[in-house]
Q: 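Structure provided below as structure tokens; questions to follow.
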Amino acid sequence: MTTASKVLDRVLVLEMVRVTEAAAIAASALTGRGDEKAADAAAVEAMREALNELYMDGTVVIGEGERDEAPMLFIGEKVGSAIGKGPKIDIALDPLEGTTICAKAGPNSLAVLAIAEEGNLLNAPDVYMDKIAVGPGFPANIIDLDRTPTENVTAIAAAKGVKPAEIIACVLDRPRHEALIAELRTIGCGVMLIGDGDVAGVIATSDPDTTIDVYMGSGGAPEGVLACAALRCVGGQFKGRLLFRNEDERGRARKWGIEDLDRQYDLTELAKGDCIFAATGVTDGSLLEGVKRKAGKMTTESVVMRASSGTVRWVKGEHRLG
């Protein structure tokens with residue numbers, strides 16, 4: 001059991017839900033309108049405003065990019081109403097996880113946030129990360145990025161007492177994953193392809209109702225840290241390794257204090273100590289229902305988790321319009 005943080009006790013768990021609700025509601029007004037940038041901007045502005053109402057000295061360690069790339073909620077930005085005097089909190093966020101999904105009114109778009117005490121969330125640069133994740137109940141180190149997809153699936157199947165053909169892997173539907181998908185299908189493994197939203201894909205491994213056994217493939221490093229914060233709360237295993245396309249990306253990683261660029265990170269290295277994870281659905285998905293507008297009100301569905309207690313709270317919100 002992770003030791004509870006007295007610092008996080010001062011930032012109420014339900015306050016995190018209010019932050020993700022604000023972002024989800026703002027983005028939902030642009031669902032299906034085909035404008036990714038406008039939906040993301042609305043979510044960012046709403047989340048920033050909500051964070052600045054909280055009594056904390058918060059630092060964004062996973063955000064919309066660096067200062068010259070993002071006008072708000074950039075990496076290193078300070079948020080909160082008690083900067084310089086309140087509890088020091090590291091914040092990882094994605095105000096609109098699945099911008100394309102939201103723009104097209106597809107499934108699994110979320111507003112996502114994770115917090116921990118200062119120094120406990122990896123300050124990951126906005127680069128790709130090779131990822132593999134499973135839910136709880138497996139022997140330690142059942143997965144490893146130094147093994148082939150076939151070896152990982154075979155190990156997972158053996159631990160479950162089934163054949164590899166009975167395993168289902170979740171993979172982002174991208175051209176870069178063609179070889180991975182082909183190898184998985186060669187051994188009979190089922191492949192659930194998703195268009196976007198790999199935070200939800202990783203979390204889905206922890207929910208038996210999704211039937212997803214393992215998440216595989218590369219996606220954003222920031223989303224990897226957010227997913228790890230969630231898995232810390234509900235159980236599971238995660239391995240991640242940063243992927244760099246050029247020397248500029250390597251330089252950005254060094255800038256944020258990452259020295260071993262080829263390291264394989266474990267779950268507890270990406271999200272340490274006590275942490276809180278919150279998400280609110282923007283569109284309907286496997287994890288959460290999206291924002292609904294009807295008869296003068298809006299409804300939201302959120303989940304908030306805490307690592308120290310293993311508590312998972314599902315929160316239904318009803319908000320008056322106007």
Q: Check whether any side-chain heavy atom of Met216 lies under 4.5 Å from a side-chain heavy atom of His177, and answer yes or no.
A: no

Q: Would you please name every residue forming a side-chain hydrogen bond (donor to acceptor under 3.5 Å, both in side chains) with Thr20, sequence neighbours left out?
A: Thr280

Q: Sequence neighbours left out, what pairs pass salt bridge (charged side-chain N to carboxylate O under 4.0 Å, His left out) with at least one residue falling in residues 178-191?
A: none

Q: Considering residues at least two apart in sequence or located in another chain, which fulfil the salt bridge (Lys or Arg N to Asp or Glu O under 4.0 Å) criterion with Asp260?
A: none

Q: Taking 4.0 angstrom as the limit, do Glu15 and Arg18 come out as a salt bridge?
A: yes

Q: Is Lys239 salt-bridged to Asp144, cutoff N-O under 4.0 Å?
A: no

Q: Do Ser218 and Arg174 get their side chains close enough for a donor-acceptor pair, meaning under 3.5 Å?
A: no

Q: Just to verify, what does Glu249 make a salt bridge (Lys or Arg N to Asp or Glu O under 4.0 Å) with, not counting sequence neighbours?
A: Arg245

Q: Could you note down all residue pairs passing salt bridge (charged side-chain N to carboxylate O under 4.0 Å, His left out) where residues 56-65 supplies at least one of them, sequence neighbours left out?
A: Asp57-Lys78, Asp57-Lys88

Q: Is a salt bridge present between Arg48 and Glu77, judged by a nitrogen-to-oxygen distance below 4.0 Å?
A: yes

Q: Kindly write out the residues that satisfy salt bridge (Lys or Arg N to Asp or Glu O under 4.0 Å) with Glu247, not counting sequence neighbours, or none if the list is empty.
A: Arg254

Q: In sequence, state the C-alpha distance, the side-chain angles, and the governing distance for Glu269 and Arg263, and then conclude on salt bridge (Lys or Arg N to Asp or Glu O under 4.0 Å).
A: CA-CA 11 Å; Glu269 295 174 311; Arg263 178 178 181 178; 2.3 Å; yes

Q: Does a salt bridge link Lys272 with Asp90, judged by any charged N lying under 4.0 Å from a carboxylate O?
A: no

